[in-house]
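Have a look at the structure below before the remarks.
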Number of protein chains: 2
Amino acid sequence: MHYESASVSERRTLPPAVAVSTVAFALRPPLGSAIGSAAPRPGEEAGAPTLWIPLVRRTRAPFLGRWALPGGPTRWNETLADTALRTLHDAVLRAPGYLEQLYSFGGVERSADAQRLVTIAYWALYGERDLAAEPSLAVRVSVPDAGRAGEPAPIGAPAAAGVRAVDPADGSVAPARWDDVPVAGDPSPALDTAEGPSQPGEEGACLPDLSDPNVSWFSADALPELAFDHAEIVAYALERLRVKTEYSAIAHLFLGPVFTLGQLRTVHEAVRGESVDPANFRRQALARGSLVDTGEFETGTPHRPARLYRFRDEPGPLSPSRPGPSAPQTKDTP
Amino acid sequence: MHYESASVSERRTLPPAVAVSTVAFALRPPLGSAIGSAAPRPGEEAGAPTLWIPLVRRTRAPFLGRWALPGGPTRWNETLADTALRTLHDAVLRAPGYLEQLYSFGGVERSADAQRLVTIAYWALYGERDLAAEPSLAVRVSVPDAGRAGEPAPIGAPAAAGVRAVDPADGSVAPARWDDVPVAGDPSPALDTAEGPSQPGEEGACLPDLSDPNVSWFSADALPELAFDHAEIVAYALERLRVKTEYSAIAHLFLGPVFTLGQLRTVHEAVRGESVDPANFRRQALARGSLVDTGEFETGTPHRPARLYRFRDEPGPLSPSRPGPSAPQTKDTP
DNA sequence: CCAATAGTGTCTATTAGACACTATACT
DNA sequence: AGTATAGTGTCTAATAGACACTATTGG
């Protein structure tokens, strides 16, 4: 509010603005969304599925017209995860199935001669169940992990009331609960974030509008040139997804509630970018102990039908267990 | 500047203040510093070394008198890492040998009815060489990694000009260079961060003053009650240190430029909190390929003298190689 | 029948870990 | 000699990966 009267030189001395940018992944673009990447890039036919990322075309000053990550400034009554979810929903019109903080960027050089900007990057994941529905319903938000097994103490910080924290490493559900995600135009009375005289580093999303021409999905390995340092953020998010897929069980979040081991393997192949031995993958996946045989089988395949599994403890909308902030647990396989 | 005239209700609508808090580790407190933990806690004699953490006693409103992590608001011309280094230096009077971002906390509940606060947590490491000297000289700042092997694309973001980014995973030196760290009282003309009418969540460090009574080192497993959610941040940092020690080579940073395998093993034991088989540790440490035999030997031991090693590529103050932001590399041992 | 994927069995190289043993300093 | 740590050798269990083989569907 006071900002709008500040001169350019004054803005330099203001405290940094806080914004969020999110790299979201899905195995395919949602139906009805615009597609940026032209076809599965040459050399890889429809055989190998790839990851898709939603981008937003910038409609203002720095990097005008360039594609950028969905995101925008934090509002005064939002947690950082809330901001990520809101701006992501503005772009994708759907809530992701998973959200995790990635890294914070506070370099003074990010917006050279304008107000300082601190950007917290998140990464998100859209599964089949998330891509399907039109109205957003719920979302799970993870807590940080120490970068590998034995998820550390879930810090009670980021997820404000109303967001669920789930520990994807061992499948156990950490403190949290389901709730609604703030939808598009919730009136936050304060701080017009969208229209300051120039929030210069602002990396905003556009108003939700069915088939928004300024929102499009791109194949992760055929991205256009991105605004700011978003290309590096995407690269980092991809690496994070790869690493996390190897030691944690998140691949199933790309799929529906039940899936075959072949489908799960396909996710791993898309994430790792290489083919995986079906036999060995099967053993490892089952050895994790987090898959439950539903007893059902795939139908309508031109080959032997595969067994259907679901992830362990796919709970109903509520589960009362609350392990608490918890001491560090055991690691699994160093 | 505008803030100082804002009422309490107005402050709620201001953009969040950005602060940094740092969990620093060392194998021992620096000489001449105050010691908070009374003796090596019972049950563990001098035999097993533990980790030490510097804390700062709060001198203002929320949590007055409680111990807290060194930290404080970021200044307009500082990167986040700069802020961590400055506030850490204010408390410890020395620059750490390693600094890495941990996580960002932006919950709206952190400062209930006052200005919103976003805190970026860092963790740092003081080695023997860092604890020795009194005037600060240089510091290495790491870039994020994806949480495990195959360090991801070093994102050029956080480290502003003048801070070195080193990739501790494989010992190769990533883009960066040595430089001075901002020392105590550099006059930042703008934004009086220390004395707003009440920057309520502010977690500031005190003025540097030899043997500051408000700064003390505590054994990591005998910490006092901490302000804010700092206990959880410490727990997370500890877990991060443990995990990172297992897959990356950072333990040597606790030691001097040359060290024996026994000393290195002692560091691992302190970090992991359990004893490690000397024979197996030796093999693994040497198999990494990052240790160089100096050909020298320990002297003055009451037993067979141990061979002295140094870490691979312990370079002079400057090394020109610059791999660049780089594509994700290969992983090592999933 | 064939094509295609599901699913099982098995062999090998690597690794973590336990632990016995030898080597070399000081007292 | 005795003690303490350095350093080597070796055995075992677990694991990742390669790959041959059988099973079961649709066409």
Side-chain angles (χ1 to χ4, degrees), chain A residues 45-49 148-150 242-243 245-247 249 255 258-269 272-289 291-309 330-334, chain B residues 45-49 148-150 242-243 245-249 251 255 258-269 272-289 291-309 330-334:
Chain A
E45 311 314 317
R148 177 132 175 70
R242 286 198 190 97
V243 167
T245 300
E246 283 190 23
Y247 75 82
L255 303 171
V258 296
F259 46 87
T260 69
L261 286 176
Q263 290 168 340
L264 190 61
R265 180 171 48 85
T266 297
V267 176
H268 279 256
E269 289 173 337
R272 293 168 51 177
E274 59 187 18
S275 60
V276 175
D277 183 283
N280 297 327
F281 178 81
R282 156 178 299 274
R283 261 188 298 271
Q284 291 171 217
L286 294 179
R288 289 193 86 78
L291 298 184
V292 178
D293 186 345
T294 65
E296 316 249 310
F297 287 84
E298 216 181 7
T299 59
T301 60
H303 53 269
R304 173 175 174 180
R307 209 169 273 273
L308 288 172
Y309 293 86
T330 62
K331 57 198 181 61
D332 50 23
T333 70
Chain B
E45 311 314 317
R148 180 134 173 66
R242 287 197 189 98
V243 167
T245 299
E246 282 189 23
Y247 75 82
S248 179
L255 303 170
V258 297
F259 46 86
T260 69
L261 287 176
Q263 291 167 340
L264 191 61
R265 179 171 49 84
T266 296
V267 176
H268 279 256
E269 288 173 336
R272 292 168 53 176
E274 60 188 16
S275 59
V276 176
D277 183 283
N280 296 328
F281 178 81
R282 156 178 301 273
R283 260 187 298 271
Q284 290 171 219
L286 293 179
R288 289 193 86 81
L291 297 185
V292 178
D293 186 346
T294 64
E296 317 248 312
F297 287 83
E298 216 181 7
T299 58
T301 60
H303 51 269
R304 173 177 174 179
R307 207 169 274 273
L308 288 171
Y309 293 85
T330 62
K331 58 197 179 65
D332 51 20
T333 69

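These values consider heavy atoms only, across backbone and side chains, with no hydrogens, waters or symmetry-generated copies. Remember, it's a predicted structure, so these values are computed and weren't measured experimentally. Every chain is numbered from 1 and lettered A, B, ... according to where its sequence line falls, protein lines coming before strand lines.
Considering only side-chain atoms of R265(A), the nucleotide from dG9(C), dG17(D), dA6(C) that sits closest is dA6(C). When each of dC19(C), dA4(C), dA6(D) is scored by its nearest atom to the side-chain atoms of R304(B), the top-ranked nucleotide is dA6(D). Side-chain proximity of P305(B) to the nucleotides dG7(C), dT8(D), dT24(C) is greatest for dT24(C). Distances were taken from every side-chain heavy atom of F297(B) (C-beta onward) to each of dT8(D), dA18(C), dG7(D); the shortest belongs to dG7(D). Across dA25(C), dA18(D), dA16(D), the shortest atom-to-atom separation from the side chain of D277(A) is found for dA18(D).
Nucleic acid contact for A287(B): none, since no nucleic acid atom lies under 4.0 Å from a heavy atom of the residue.
For the pair F259(B)/L291(B), a side-chain contact is recorded, criterion being any heavy-atom separation below 4.5 Å from C-beta on. Inter-residue side-chain proximity for R242(B) and T245(B) is flagged as unmet; no heavy-atom pair is nearer than 4.5 Å. Two residues are said to be in side-chain contact when any heavy atoms from C-beta on lie closer than 4.5 Å; R307(B) and D293(B) meet this criterion.
For R282(B), a side-chain nitrogen or oxygen approaches OP1 or OP2 of dT8(D) to under 4.0 Å.
Separating the CG atom of L308(A) from the C1' atom of dA6(C) is a distance of 12 Å, rounded to the nearest angstrom. Atom CG of D293(A) and atom C1' of dA6(C) are 13 Å apart (whole Å). Following rounding to the nearest Å, F281(B) (CZ) and dT8(D) (C1') show an atom-to-atom distance of 17 Å. The separation between E298(A) atom CD and dT25(D) atom C1' is 11 Å, rounded to whole Å. The distance from atom CZ of R307(B) to atom C1' of dT24(C) is 13 Å, rounded to the nearest whole Å. Rounded to whole Å, atom C1' of dG17(D) lies 12 Å from atom CD of E274(A). Rounded to whole Å, atom C1' of dG7(C) lies 12 Å from atom CG of N280(A). Straight-line distance from the CZ atom of R272(A) to the P atom of dA16(D): 11 Å, rounded to whole Å.
Distance check: Q263(A) CD to T266(A) OG1 gives 7.0 Å after rounding to the nearest 0.5 Å.
Counting atom types as modelled, R283(A) pairs a side-chain N or O with a base atom of dG9(C) as donor and acceptor under 3.5 Å.
Of the residues near DNA chain C, P302(B) and Q263(A), the one whose nearest nucleotide (by heavy atom distance) lies more toward the 5' end is Q263(A).
When atom types are taken as modelled, the side chain of Q284(A) and the backbone of F281(A) share no donor-acceptor pair closer than 3.5 angstrom.
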